[in-house]
There are 2 protein chains.
Amino acid sequence: MESRIERLCVERGLKMTGQRRVVARVLSEAEDHPDVEELYRRASALDQHISIATVYRTVRLFEEHGILERRDFGGGRARYEPTEPGPHYHLIDIATGKVIEFQDPAHEQLMHAVAARLGFDLVSLRLELFGRRRDGSAPPPDRDPPPEPLSDSPEAGRDLRLRDPTKGASR
Amino acid sequence: MESRIERLCVERGLKMTGQRRVVARVLSEAEDHPDVEELYRRASALDQHISIATVYRTVRLFEEHGILERRDFGGGRARYEPTEPGPHYHLIDIATGKVIEFQDPAHEQLMHAVAARLGFDLVSLRLELFGRRRDGSAPPPDRDPPPEPLSDSPEAGRDLRLRDPTKGASR
DNA sequence: ATATTTGCAAAGCGTTTGCACGGTT
DNA sequence: AACCGTGCAAACGCTTTGCAAATAT
């Protein structure tokens, strides 16, 4: 079966190799924001004939073609998610590392206004919220229209930079 | 002469060595958001007896003591600035890499509201604007109350990740 | 048939660290 | 005097890359 992302690749004229197909499929099925190592793990499960170097090359390629978006939630590794139509942002649960997506058009307007006030046209912006689940609030609250799609992902909630005491160094 | 940051160090009981004094002074005098290499360069100009490892250790120490804040404007290297009283954000000129600081209390409220809507207490957030100077707008516009302090800094305006064609790789 | 892609292992970058030495309190 | 900070160079973690073999069009 042809995955959604594979279809995008073909549309954009990318040469489809076996490993690209696998990565495309893994990405199409991802509900979260995996890093390269995680993609490699999932891809390997489907097809042993993939090296991590190829995964790196593939995500870069896909990103350059607008198929994928690279995110940096702190932690030193890039995270990826398929490009979605509208802009959205991320709230990271610092206790679990879970990532919740949300939109906020009002915020966008505000940032355009801020940039304009400073004499700039806003080209892009980066926004991430780090929060702690309110105890007393069951998992995601279920307001009228659900607060927007959500997704989860691994990663210790780290605000600054990594500092993993289980390993030697870090960056 | 004792620099502002040196004073903070003493207040917090840090042992003041020659190299820490120099780094403290460089930071006190910085109007921008230098990375470690730049700090090292400036510190070396004042005192040869400093190694870059010490600069790394010192900024980490200062950061752990709340004297310094680490920033990540993309580009793969951490940038530093002395801790300031209120929170503020950064707009990066993608043409020049210049960094302009701004505040926006309204934005903060909004983000608290967003987090609350999702069932979270906002612990911290990361916000950076990337923009292009409006041609037709002289440098920073001079509205009633000046649009807030500004500062500049090196760095190619790169949104994604580094990709410096003058060097081999990058991350 | 030919230009691209892959795997492997090595290199690169920013950052941290082990160790012996030197300076601070 | 005891401890802590420093310099050097080596190690680290993530990512990119050179090269020869494999593959897509």
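Naming convention: chains lettered A, B, ... in sequence-line order (proteins, then strands); numbering from 1 in each chain.
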Rounded to whole angstrom units, what separation is found between the [atom1] atom of [X] and the [atom2] atom of [N]?
X     : N      : atom1 : atom2 : result
B:R60 : C:dG14 : CZ    : P     : 18 Å
A:H65 : C:dT5  : NE2   : C1'   : 13 Å
A:Q48 : C:dT6  : CD    : C1'   : 16 Å
A:E64 : C:dT4  : CD    : P     : 15 Å
B:E37 : C:dT15 : CD    : P     : 9 Å
A:I50 : C:dG7  : CD1   : P     : 7 Å
B:R70 : C:dT16 : CZ    : C1'   : 11 Å
A:F62 : C:dT5  : CZ    : P     : 11 Å

Output for pair (A:L39 CG, A:Y56 OH), nearest 0.5 Å, gives 10.0 Å
What residues from residues 8-29 of chain B pass a heavy-atom cutoff of under 4.0 Å to DNA chain C? B:K15, B:M16
Considering residues at least two apart in sequence or located in another chain, which fulfil the side chain to side chain contact (heavy atoms under 4.5 Å, CB included) criterion with [X]?
X     : value
B:T83 : B:E69
B:L61 : B:L14, B:R20, B:H65
A:A53 : A:S51, A:R57
A:E29 : A:R25

Just jot down the side-chain hydrogen bond (donor to acceptor under 3.5 Å, both in side chains) partners of B:E81, sequence neighbours excluded, or say none. B:H33, B:R71, B:H88, B:H90
Set of residues satisfying side-chain hydrogen bond (donor to acceptor under 3.5 Å, both in side chains) with respect to B:D121, sequence neighbours excluded: A:R134
At how many degrees, to 10°, do the end axes of the helix from C:dA1-D:dT25 to C:dT25-D:dA1 meet when each uses five pairs? 30°
Restricting to ring pair (Phe, Tyr, Trp, His ring centres under 6.0 Å), what partner residues turn up for B:H49, sequence neighbours left out? none
Just say parallel, tilted or perpendicular for the rings of B:Y89 and B:H107, cut-offs at 30° and 60°. perpendicular
So which pairs with a foot in residues 10-19 of chain B pass salt bridge (Lys or Arg N to Asp or Glu O under 4.0 Å), sequence neighbours left out? none
B:R41: what forms a salt bridge (Lys or Arg N to Asp or Glu O under 4.0 Å) with it, not counting sequence neighbours? B:E38
Would you jot down, in residue-number order, the residues of residues 52-59 of chain A having a non-hydrogen atom under 4.0 Å from DNA chain D? A:A53, A:Y56, A:R57
